[in-house]
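Everything on this sheet refers to the single structure shown next.
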Amino acid sequence: MSAKASGAIRHLAAFAILACSAVIASAQQSAEIQALKVQGNVYLLTGAGGNVIVQVGDQGVLVVDTGLAQTADKLLAAIRKISDKPIQYILNTHLHPDHTGGNDVIRKAGATFTGANVTGNITDAALGAQVFAQDNVLKRMSAPTGKQAAMPFGDWPTETYLSQRKQMFFNGEPVEMIHQPAAHTDGDSLVWFRRSDVIVAGDIVVTTTYPFIDVDRGGSIQGEVDALNNILDMAVAGHQDEGGTYIIPGHGRVYDKPDLLEFRDMMTIIRDRVQASIKKGMTLEQVKAAGPTKDYDAQYSAKSGFGTKDMFVEAVYKSLTQKK
């Protein structure tokens, strides 16, 4: 096969996966769970509330995020269609219930095998799969003794990491959880499948609406931009800027590096516009009225909920004016 023909095939393959991911993104809130093989050992499952990622191989199954609680049984059935191997690990990108609500069901359906290079001090395989997250996720999901916890106990991580990253080797490839502080929350993790060349961004990246910056849980616009720049540093574009490293958002279609570059630029431009308005002494309502997002509203502004232009501008404004 000639180099020209080979390049054309890679271009078509890249186009096909992005086109397919755009189609299945429209089914995000549907009753059915749909699956797409991204590349390597990595699959994307949609329809569970938030994007769910599954890595499969001879050792078993690793799941990134678990969707909403009410879709957990359907999600489990969809995972079983991809692989009947034991579910050994669940990695949570952050704490929100559209990404952790199925933890308990998926965890109980799994099993931990002692002796694997990523297990801790586990003496009872009946505990099910291990659930990993950055330590701030557990802190925000749980509560001090005598207080009401924010999330059900069964959804809490069973293992956390405090350093900048957590590394493991599973199904023949290195897998890294990389903490992104003060981004969408203060407990965000990127999950990088290094051999498959796939980065799971969680809600740091959302392609269907403006992203939700959870200021009350440590999120900030500057942390978002920093995290996006980190992903861009990790990603490599494919032939003629198509394909290469794929980035899976918390909601919506799969991105490649040029897609993410446009998203980062949008976030940076809006940050700078709001910051300039703050320096002029404008109030939040005045900033909203000035329309710092108007170039992007047709593509990103939701009709209601967290992804509206007003909620996004408010979060950006608050994160830029709050006391450090």
Side-chain angles (χ1 to χ4, degrees), residues 42 50-53 55 62-66 89-100 103 107 117-120 129-142 150-151 155-170 173-206 211-236 245-251 255 257 260 263-264 267-268 271 315 319 322 324:
V42 177
N51 283 340
V52 175
I53 294 81
Q55 184 240 37
L62 182 153
V63 180
V64 182
D65 291 339
T66 57
Y89 304 106
I90 298 168
L91 313 184
N92 285 149
T93 59
H94 63 284
L95 79 152
H96 290 147
D98 56 338
H99 292 264
T100 61
N103 278 4
R107 178 184 63 80
N117 72 320
V118 291
T119 56
Q130 292 298 289
V131 183
F132 287 90
Q134 202 278 334
D135 195 62
N136 287 334
V137 173
L138 178 59
K139 288 179 179 177
R140 293 193 177 277
M141 292 178 78
S142 59
M151 308 284 184
D155 292 342
W156 298 1
T158 60
E159 300 284 343
T160 65
Y161 71 100
L162 286 165
S163 59
Q164 200 263 333
R165 64 182 62 204
K166 165 74 178 178
Q167 296 178 320
M168 56 185 72
F169 194 87
F170 191 63
E173 74 174 315
V175 181
E176 294 192 60
M177 300 183 75
I178 307 172
H179 184 213
Q180 304 300 301
H184 147 261
T185 70
D186 59 8
D188 292 331
S189 292
L190 304 175
V191 179
W192 186 14
F193 295 99
R194 288 171 49 182
R195 184 173 182 180
S196 296
D197 200 14
V198 174
I199 301 169
V200 183
D203 281 356
I204 291 170
V205 180
V206 178
F212 171 44
I213 300 176
D214 194 344
V215 178
D216 292 337
R217 293 174 179 82
S220 71
I221 181 62
Q222 186 56 53
E224 273 276 315
V225 172
D226 290 344
L228 294 171
N229 284 328
N230 289 338
I231 300 171
L232 286 169
D233 286 343
M234 295 160 59
V236 178
T245 304
Y246 284 120
I247 300 102
I248 303 179
H251 301 266
Y255 270 2
K257 186 171 184 176
L260 188 70
F263 184 83
R264 189 281 312 272
M267 296 285 282
T268 304
R271 178 203 64 187
S319 75
Q322 66 183 357
K324 303 299 181 182

Any side-chain to backbone donor/acceptor pair from T245 onto V236? Under 3.5 Å, distance only. yes
Which value, rounded to the nearest 0.5 Å, describes the distance between M234 atom CE and E176 atom CD? 7.0 Å
Polar side-chain atom of Q134 near backbone of N136 as donor-acceptor pair, under 3.5 Å: yes
Between Q55 (side chain only) and V175 (backbone N and O only), is there a donor and an acceptor less than 3.5 Å apart? no
Heavy-atom closest pair (I247 atom, A201 atom, distance to 0.1 Å) is CG2-CB, 4.1 Å
Please check: side-chain N/O of N51 versus main-chain N/O of P249, any donor-acceptor pairing under 3.5 Å? yes
Closest approach of P157 to M141 (non-hydrogen atoms, all atoms of both residues): CD-SD, 3.8 Å
Using atom types as modelled and distance alone, determine if a side-chain donor or acceptor of T185 lies under 3.5 Å from a backbone N or O of D214. no
Determine the minimum heavy-atom distance between V206 and F263, stating which atoms define it. O-CE1, 3.3 Å
Determine yes or no for a side-chain-to-main-chain donor-acceptor pair under 3.5 angstrom, with S319 supplying the side chain and I221 the backbone. yes
Donor-acceptor pair, distance only, cut-off 3.5 Å: does the side chain of Y161 make one with the backbone of F132? no
Between L91 and the options D65, V191, T66, the side chain to side chain contact (heavy atoms under 4.5 Å, CB included) test singles out V191
Heavy-atom pair with the smallest gap, counting every atom of A182 and S220: O-OG, 2.6 Å
To the nearest 0.5 Å, what is the distance between CE (M151) and CG (L95)? 4.5 Å
Show the numbers, then the answer: is there a side chain to side chain contact (heavy atoms under 4.5 Å, CB included) between V137 and T160? CA-CA 8 Å; V137 173; T160 65; over 6 Å; no
If you round to the nearest 0.5 Å, how far is CD of E173 from CZ of R194? 9.5 Å
Could you please spell out the steps behind the side chain to side chain contact (heavy atoms under 4.5 Å, CB included) verdict for D203 and D98? CA-CA 10 Å; D203 281 356; D98 56 338; 4.3 Å; yes
How far does CD1 of I53 sit from CD1 of I199, to the nearest 0.5 angstrom? 12.5 Å
With sequence neighbours left out, the residues meeting salt bridge (Lys or Arg N to Asp or Glu O under 4.0 Å) with R195 are none
Do K166 side-chain atoms and M177 backbone N/O form a donor-acceptor pair below 3.5 Å? no
Has T93 got a side-chain atom pairing as donor or acceptor with D188's backbone, closer than 3.5 angstrom? no
Work out which heavy atom in A129 is nearest to a heavy atom in Y89; give both atom names and the distance. CB-N, 4.1 Å
Would you check if L62 and F193 make a side-chain contact, meaning some heavy-atom pair closer than 4.5 Å? yes
Between L138 and W156, the two heavy atoms sitting closest are CD1-CB, 3.9 Å
Distance check, rounded to the nearest 0.5 Å: I90 atom CD1 versus N103 atom CG? 5.5 Å
Taking E224 for the side chain and H184 for the main chain, is one N or O donor matched with an acceptor at less than 3.5 Å? yes
Identified side chain to side chain donor-acceptor pair (under 3.5 Å) partner of D186 from the options K139, R140, Q180: R140
Describe, in one word, how the ring planes of H99 and H94 are oriented to each other, choosing from parallel (under 30°), tilted (30 to 60°) and perpendicular (over 60°). tilted
Say you draw a straight line from CZ of R165 to CH2 of W192; how long is it, rounded to the nearest 0.5 Å? 7.5 Å
